[in-house]
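So the structure is just underneath, and the comments pick up after that.
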Protein chains: 2
Amino acid sequence: MGKDPNTIPNIIISRLPLYYQHLKNLQNSDKEYISSEELAELTGFSSSLIRKDLNHFGTFGRKSYGYDVYCLFQQINIIMGFNYKKKVIIIGAGHLGQALAYNKGYTERGYQLISIFDKNPKLIDLVINDIEIKSINNLEKFIENNRVDAAALTVPGAAAQKLTDRLVEAGIKAIWDFTEVPLKVPDDVLLQEQLINEGLCKLSIKMNQLRNNGSKELKDLKCQQK
Amino acid sequence: MGKDPNTIPNIIISRLPLYYQHLKNLQNSDKEYISSEELAELTGFSSSLIRKDLNHFGTFGRKSYGYDVYCLFQQINIIMGFNYKKKVIIIGAGHLGQALAYNKGYTERGYQLISIFDKNPKLIDLVINDIEIKSINNLEKFIENNRVDAAALTVPGAAAQKLTDRLVEAGIKAIWDFTEVPLKVPDDVLLQEQLINEGLCKLSIKMNQLRNNGSKELKDLKCQQK
DNA sequence: TAGATTGTTAATCGATTAACAATC
DNA sequence: TAGATTGTTAATCGATTAACAATC
């Protein structure tokens, strides 16, 4: 699977969202062409790496000009599958689930948010950003009657595996997981973790390094017990 | 800087949040020891890599037993700087900012959320999770009177750079950035991107690969124009 | 034409894995 | 003791960078 020559290497996949982000932002500029060197400046990756990443998918550049900003963005959209329409639902209408209902990121990435589910009777029938919160009791029926390509999971950790099982059982093949608990899914189901607090972790680590002046103190730690 | 032998390699930093997550979840189990092989099962990293990562910081294991689940968690907390207290504010009380006000991830990571700011008069004085939304006009005064270690930025892209400049000017050294626009900060300010839609991107790429049966069609793309 | 910048190969660098002695 | 599992070295693997011919 990882050896299929047609599979995109994970290391490239990890950089694609950032390429997308910058090329999207460049669409509003008056820039027609951008060089790999300028993209390097923006993304922090080396120009050489960028040229190599792009050449994995095809030939996009124009020698001595660079890359056509509009065209490259179109190609990145194709590579990321954004021109393919996907329907998504949100499971859990708590604070995070509601915020995700207002997220502006779906459409440009080819997603359409079609429903939100919760078990709390006080939330059911509430309308969030034009989308009515439905009872979780109706989840299976809804999936049966509507093509649903992906589900965002924003429920408390304790409920997460049970709801995952229901989603899988109902035929969902892609889960965007915001819970911070380990979930089990069959091999044919895509499980994408979104560690909402990852940035908080990394900032803490880096602040700590600065405090320690190069984390000298993080060198010979020990577990005390025998 | 990257060559300082006391600096934690970025590649290890990138794995630490996941180690933390799993060790935290293990605290509630009755497991006393965990082997690198079991951690490999949980995290998806190889046991060899895990042992090597941990040995970067010290000696935590017990031969033939594995790692003490409680003690290793304590050490990871130290490594990540979570036992050091940090005060954080949120800039932007929109849907995402409000959801972040309810985020349960601060305390366990050593953060304390102390204030939220917005420019919308309708939001000012509103209380979210016991925290009063303050006018952005009072930002500088607040930072002057309170130690603030980090700021979460959840404002519209158009306002992002201006507010970043104000935060930097006021002395903030760490920014947790949820905007999807490129921000400029001085070298001594930590800027941590949190691409909220990254998971949506990766799911789309992977769904697309499956559709294309190994993305054969993503091999010889071209920009049409001459 | 001279200058710029790509696409791509070869060289380098660094990260991961395999293996195993040490030892609990 | 026999079995398990660490810590660590050496070997391998893969990713990044340097370099440059091609060419716009």
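A quick note: this is a predicted structure, and the numbers were derived from the prediction, not measured. Any value given below was found using the heavy atoms of this structure, including those in side chains, with hydrogens, waters and symmetry copies removed.
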Quick test: give all pairs of protein nitrogen or oxygen and nucleotides 16-18 of chain D nitrogen or oxygen below 3.5 Å, distance rounded to 0.1 Å.
unit_1 : atom_1 : unit_2 : atom_2 : d
D:dT16 : OP1    : A:R15  : NH1    : 2.9
D:dT16 : OP2    : A:R15  : NH1    : 3.4
D:dT16 : OP2    : A:R15  : NH2    : 3.1
D:dT17 : OP2    : A:S46  : OG     : 2.6
D:dA18 : N7     : A:S48  : OG     : 3.2
D:dA18 : N6     : A:S48  : OG     : 3.3

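Atom P of nucleotide C:dG7 and atom NE2 of A:H56 are separated by 15 Å, given to the nearest angstrom. Rounded to whole angstrom, the span from the NZ atom of B:K222 across to the P atom of C:dG7 amounts to 11 Å. Between the CD1 atom of A:I8 and the P atom of D:dA15 there is a distance of 14 Å, rounded to whole Å. For the pair B:Y65 OH and D:dG3 P, the computed distance is 17 Å after rounding to whole Å. Counting to the nearest Å, the P atom of C:dT5 and the CD atom of A:E41 are 13 Å from each other. Look at CG on B:L54: it is 12 Å from P on D:dT8, rounded to the nearest Å. Straight-line distance from the CZ atom of A:R62 to the P atom of D:dC24: 9 Å, rounded to whole Å. Between the NZ atom of B:K63 and the C1' atom of D:dT6 there is a distance of 5 Å, rounded to whole Å.
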Check your understanding: What would the secondary structure line of DNA chain D be in dot-bracket form, counting Watson-Crick and G-U wobble pairs under 3.5 Å, with [ ] for pairs that cross earlier ones and | for pairs with another strand?
Key -> ..||||||||||||||||||||||
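Across all strands shown, A:T59 has heavy atoms under 4.0 Å from sugar-phosphate atoms exclusively, and none from any base. At the heavy-atom level, B:S47 lies nowhere under 4.0 Å from the strands shown.
Among residues at least two apart or in separate chains, ring-ring contact (aromatic ring centres under 6.0 Å, His included) pairs with a member in residues 154-199 of chain B are B:W176-B:F178.
Between the side chains of B:N208 and A:Y84, no donor N or O sits under 3.5 Å from an acceptor N or O. Side-chain contact of A:R109 with B:S204: a donor-acceptor pair under 3.5 Å is absent, judged by distance alone.
Proximity of B:T179 to B:T164: side-chain heavy atoms (C-beta onward) are nowhere separated by under 4.5 Å. When side chains are defined from C-beta on, A:L42 counts as touching A:L26, because their heavy atoms get closer than 4.5 Å.
OP1 or OP2 of C:dG7 has at least one side-chain nitrogen or oxygen of A:Y67 nearer than 4.0 Å. Put simply, A:S64 has no side-chain N or O that comes within less than 4.0 Å of OP1 or OP2 on D:dT23.
Remark: the backbone N or O of A:N197 is not paired with any side-chain donor or acceptor of B:Q194 at under 3.5 angstrom. Judged by distance alone, the side chain of A:Q209 and the main-chain N or O of B:I8 form a donor-acceptor pair under 3.5 Å.
The environment of NZ in B:K87 is sparse: at most 12 heavy-atom neighbours from other residues, nucleotides or ligands sit within 6.0 Å.
Salt-bridge formation is not detected for the pair A:K222/A:D220: no Lys NZ or Arg NE/NH1/NH2 atom is positioned less than 4.0 Å from an Asp or Glu carboxylate oxygen.
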